[in-house]
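Comments concern the structure below.
Both ligands and their constituent atoms are indexed starting at 1 by order of listing.
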Amino acid sequence: MAKMVVLLVLFTLFLSFSTNEVGCKRIYREDHMGLKRQLKLSNKLAKKTIRTKYGDTYDCINLYEQHFFNYRSLKNHTYDFPVRSTSNPKGIRDQKSSPLFNPSNFWLNGKGCPDGMVPIKRNTEDDLKRAKLATDIHNSKYKPLTIDRPGTHYAIVRTKNTNIVYHGGSTIISIYNPKVEGTQYSSARIKVLNGPDSIEVGWTTSNSSCFNTLCNSIIPTSTDIPLGIPIVPISTPEQQFDMKFMLFWDSANGNWFLKFGQNETDIGFWPKNVFTALGDGANYVEWGGEVFSPPGVPSPPMGSAYSARLQEDTKYDAYCRQIKTINETDYVVDAVDTEEFSDIVQYQVHDEGLTGAADFQHLVLFGGLGGYTGNEDF
Ligand SMILES: *[C@@H]1O[C@H](CO)[C@@H](O)[C@H](O)[C@H]1NC(C)=O
Ligand SMILES: *[C@@H]1O[C@H](CO)[C@@H](O)[C@H](O)[C@H]1NC(C)=O
Ligand SMILES: *[C@@H]1O[C@H](CO)[C@@H](O)[C@H](O)[C@H]1NC(C)=O
Ligand SMILES: *[C@@H]1O[C@H](CO)[C@@H](O)[C@H](O)[C@H]1NC(C)=O
């Protein structure tokens, strides 16, 4: 069961809990109090039930009937949402990434849901436990109105100038499976931010993640690529596997679209009205690793965790390659004017800059063995 490595949509972890209370807490409380209630709803809406070869069950639900549309604030907007971006990011780019996710190898039926429907995971007790755990962790350590979260560590490259409006960003991230325990997580992702709002996508290994529609305001739109899929195989020094993630802000409607894989397939979107600031575009983009550990527990490995120091080699270090931003006229361009940031020496990052290698372009290496036990003030 390749549960540890998933496509991650961490949006709610960083969205302001204080101002509009969008987040795990509210959603868990309001919409997921009972597994039974949820199952009932899914059963009622399910037009068809499909299974994955990993043994998970998904209900195929009419795109516009998924329960997200029942949220009070969205009720009146149901049919206003374009479920694909109205335009596509421009500019020539190399699309190559490992073709890891293949619906025909994922679904027992080989193809997912029928047209017009989306696969929604039928949550198990384990899923709910993980979501509850994530909720507790993120609510307890979250300091409203700051992004300073004790127990969280970063090794990232980020844009410096916050006076620029970004219509998104993208990267191709190598896949690893760092070991975590208890409530720890370790992830590699791209993040866009504006004010109190942020969206992160990438992969995570965690026992406490809340990456699917339980805790997210993302509206899945793909018939065959659900959220929270296991990503296999894992990179080794002999062979690296990686995955493309793109976040694109559609200035025509203010929604954020998640595009995934070598063909930049739309797999879901966040409507403008779930944000306070991000609905007007981003002013910050970052790429790299993030880990969390509770107090007193040595922090987990990040990335490939091959050694204590980066090897400066994509065979051994986890990477984000082709780091890009999307500019105000929707062109996907190389990320420029970036800086490295890591908060403790146990995690390192190296901004290789524009490498000149067509496969890598602007390259970021990151990772570390972890093992830090700080005196953190919770
Ligand atoms: C939805 O629309 C109805 C009729 O226009 C209105 O009475 C109601 O307050 C609206 N609800 C929300 C949540 O905006
Ligand atoms: C992670 O979760 C799984 C499934 O709930 C559980 O079997 C396992 O013991 C957990 N591992 C840790 C380290 O908590
Ligand atoms: C991407 O698009 C090409 C051309 O349409 C197609 O042959 C290929 O199968 C697609 N790849 C994926 C992963 O969907
Ligand atoms: C966006 O990038 C394209 C291609 O490099 C360029 O032609 C255009 O002027 C840029 N737009 C802005 C607003 O910088």
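- Looking at Val349 and Leu365, their side chains never come closer than 4.5 Å, going by heavy atoms from C-beta outward.
- Among Trp287, Phe260, Phe257, the single residue meeting the ring-ring contact (aromatic ring centres under 6.0 Å, His included) criterion with Phe245 is Phe260.
- Looking at Thr329 next to ligand 4, an N or O pair under 3.5 Å apart turns up.
- When each of Asp330, Asp250, Thr325 is paired with His167, the side-chain hydrogen bond (donor to acceptor under 3.5 Å, both in side chains) condition holds for Asp330 and for no other.
- The protein heavy-atom contact nearest to atom 6 (C) of ligand 4 is Asn327 ND2, 4.2 Å.
- Per-atom contact check: atom 2 (O) of ligand 4 touches the protein, criterion being a heavy-atom distance below 4.0 Å.
- The protein heavy-atom contact nearest to atom 5 (O) of ligand 4 is Val333 CG1, 4.0 Å.
- Using bins of under 30°, 30° to 60° and over 60° for the plane-to-plane angle, the ring pair Tyr372/His153 lands in the perpendicular bin.
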